[in-house]
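Letters go in sequence order (proteins before strands), and every chain restarts at 1.
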Amino acid sequence: MKDKSVIPGFGPTLGFTIFYLSILVVLPLSMLILKTTSLTWPAFWEAVASPRVLAAYRLSFGASLAAASINLVFGLLVAWVLVRYPFPGKGFIDMLIDLPFALPTAVAGIALTTAFSSGPIGRTLESMGINVAFTPLGIIVALTFIGLPFVVRTVQPVLKDLDRDVEEAAICLGANRWQTFINVILPVLLPAAFSGFAMAFARALGEYGSVVFIAGNLPMKTEITPLLIITKLEQYDYAGATAIATVMLFSSFAVLFLINRLSWWAHTQRSSKEAL
Amino acid sequence: MNIKIEHLRKNFSDFTAVNDVSFTVSESEFVTLLGPSGSGKSTVLRLIAGLESPDSGIIEVNGEDVTRIPVQERKVGFVFQHYALFRHMSILDNIAFGLKVRGVKRSVREAKAKELLHLVGLSGLDRRMPTQLSGGQRQRVALARALAPEPGLLLLDEPFGALDARLRKELRSWLKKLHERIKLTTLLVTHDQEEALELSDKVLVMNQGRIEQEAAPQAIFDKPATEFVAAFVGETNRVEAIVQDGEVYWGPLRFGSYYVPDGSKVTVHFRPNDVYVASQPGEAHTAGVIRSILFLGATESLEIELDKGHTITAHVPTGVAAQSGFHLGKEVYVSVTRSHIFFSLGSA
Ligand SMILES: Nc1ncnc2c1ncn2[C@@H]1O[C@H](COP(=O)(O)OP(=O)(O)O)[C@@H](O)[C@H]1O
């Protein structure tokens, strides 16, 4: 911090950042916790640990993790294709990637439900014995859809900046395509891919609109946590709702923190190991 | 390894980057492709490495046609202008990479990498990361990395292009010594003529995708085959002269006699070093006046006006200039000791 920065104003900008975060993030979240404290311990426990709620946590975290993982793999693939190969209609496809961001989530939900229940995709899959609509699989599909842009958009610029000569160096040294990808390209992409994964996961955890249509919302089976919170609110059980929300808040925070560490570790483990 | 290139051609869409290039490199030879940027030098190198595939032509290595075999099987070491080190790997891992992908045991490849690190004069830096090294050090690591799989041919693409002038010079003589020691067949691409002249057994001067001249460094300098070579390699006075009575004239200067029709237009090149300047008429008898003096260190660059519209540049050793008392406005006498005459096809 002693270093003179080229851009002045570290003090004011940091001050503003903290103020801004307080108003937008910390304050509402503390209200959430405060509201929860109106519950007695047994009541709190009853609200956050009943079998129905536990099933919802499991579903929410499980489906979000699955969706983010799918997006990690396919996001890398899509980013790769978009950066590396010229093909007609590339600009259009690149635009399509952002669509899940722009679409009201309810629209996405209705569209997906239609496609996978009565639509041709749904019927084809059904004839193969796979039910998507109104099952956990449907939830994963919806969450994958809304999380698609994250990994693509975080990896794309890194991939664009990747010097071709580094790959060419690897090839000249005798590495085949796979060895080059694993040893030379992937380590550079991994930190960006991880942060894309974290964002996709976080987004999926909080997603409501696109899921409720396709989920079917059967308690214990296809009821996600955000829906459970809404249900409680509709029953004027504000404290119960905030109690669940608080648990979600802390567990999301923990998971995000974990992913963050993981990405940091991926970024530095080699260098720290070698530097010893 | 010896290489034979025949009628190599490479187009990028409708642009011809390499146009009918043929040459040979013998075992242990150091050959340089010299030319301005965009002349197709790097493309030739990349074609030999297999990083590009030619539209036509043949690349032979040790008498074997390798034109269509993949990069990995060509056994070439390639050094890139911007080092292209793997930035998430330590120096040792960078150098050992070529052995690792071939399945060489860890202990063996690390021993070999350390040996190479010693060869390039960087012992002890094996655990560093590439970002912790200077540009010159990085390029030496890149060279060690290229040498690790024991290639039969070393390809250097503007290896010192990203370094400052002093470091370039230093690495240049270092590379020369290294080549004398390991005797690996080497092909260097550069736009720096000093680099080419100092390092090479043979220089190929390239322009617009073609080879203009293939010769030893001294011959490139002393006997340029084309006007392009004369102008590109070394400094030169370029003048448009005319032929009168079978003699080539430019103002008061005469450049010998040729059997060409009178009135023909010719281009004459002569180096500032090949202009003899004296303060008294004698061997040098064409009079002129010093119009500017530029101090270049060991030499001084004089602009001498012979008469209206005829000014030439001469380089004289600083000692001689002081002894002769050259100063602005002084009348001097010049003669051109060596010149290169190129005939254009059309006549005036
Ligand atoms: N991959 C490519 N696509 C299109 N044009 C290229 C490509 N590589 C090189 N060129 C063109 O070919 C010409 C020769 O390039 P290069 O061989 O790099 O020249 P040099 O090494 O002499 O500077 C340049 O005009 C360059 O723009």
Side-chain angles (χ1 to χ4, degrees), chain A residues 3 76 79-80 83-88 90 154-155 157-196 260-276, chain B residues 42 45-46 48-52 70-104 109-110 125-132 141-151 153-155 157-158 162:
Chain A
D3 289 350
L76 275 169
W80 182 267
V83 172
R84 284 307 170 87
Y85 304 105
F87 56 88
K90 179 165 154 167
T154 49
V155 168
V158 181
L159 200 54
K160 255 188 200 139
D161 277 353
L162 196 69
D163 289 324
R164 281 311 272 270
D165 57 5
V166 176
E167 273 165 73
E168 288 176 348
I171 296 171
C172 286
L173 289 167
N176 59 34
R177 276 166 179 277
W178 181 244
Q179 287 169 321
T180 305
F181 181 75
I182 292 294
N183 292 296
V184 174
I185 301 171
L186 198 61
V188 179
L189 298 186
L190 226 46
F194 265 131
S195 72
N260 204 311
R261 297 309 291 183
L262 205 64
S263 123
W264 176 84
W265 171 82
H267 189 61
T268 58
Q269 55 107 12
R270 280 167 194 265
S271 31
S272 59
K273 186 183 76 195
E274 304 296 349
L276 286 175
Chain B
S42 302
L45 213 60
R46 294 169 59 80
I48 295 173
L51 293 170
E52 306 276 359
V71 189
Q72 291 91 340
E73 289 164 34
R74 291 201 191 189
K75 289 189 71 84
V76 296
F78 203 111
V79 174
F80 297 81
Q81 178 173 0
H82 298 287
Y83 328 124
L85 294 179
F86 309 129
R87 59 190 141 145
H88 58 279
M89 288 184 205
S90 70
I91 298 307
L92 200 71
D93 285 351
N94 261 280
I95 298 174
F97 183 82
L99 301 172
K100 185 182 167 192
V101 296
R102 283 177 173 75
V104 176
R109 62 180 197 246
E110 294 203 338
L125 296 187
D126 36 350
R127 296 288 156 194
R128 297 269 188 95
M129 299 305 285
T131 46
Q132 296 170 304
V141 171
L143 189 64
R145 182 180 67 176
L147 293 175
E150 300 186 350
L153 169 66
L154 187 60
L155 304 172
D157 191 359
E158 298 268 7

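- In this structure, CG in L173(A) is found 7.5 Å from CZ in R102(B), a value given to the nearest 0.5 Å.
- Summarising the local packing, CZ of R84(A) is surrounded by more than 12 heavy atoms from other residues, nucleotides or ligands at distances under 6.0 Å.
- The structure places OH of Y83(B) at 11.5 Å from CG of D165(A), a figure rounded to the nearest 0.5 Å.
- Looking at every heavy atom in both residues, L162(A) comes nearest to R87(B) through CD1-NH2, 3.9 Å.
- Heavy atoms of I91(B) lying under 4.5 Å from chain A are absent altogether.
- For a residue to count as touching a neighbouring chain, one of its non-hydrogen atoms must lie under 4.5 Å from one of that chain's; by this rule A146(B) touches chain A with the backbone only.
- When heavy atoms are compared at a cutoff of 4.5 Å, D163(A) does not approach chain B at all.
- Heavy-atom pairs under 4.5 Å with chain B were tallied for E167(A), E168(A), R164(A); the largest tally goes to E168(A).
- In this structure, A169(A) and A84(B) approach most closely via the heavy-atom pair CB-O, 3.9 Å.
- Taken from CG in N183(A) to CZ in F97(B), the straight-line distance is 4.5 Å, to the nearest 0.5 Å.
- Between the side chain of R74(B) and the main chain of C172(A), no donor-acceptor pair closer than 3.5 Å is present.
- Note that OG1 of T180(A) and CD of Q72(B) are 7.0 Å apart. Values are rounded to the nearest 0.5 Å.
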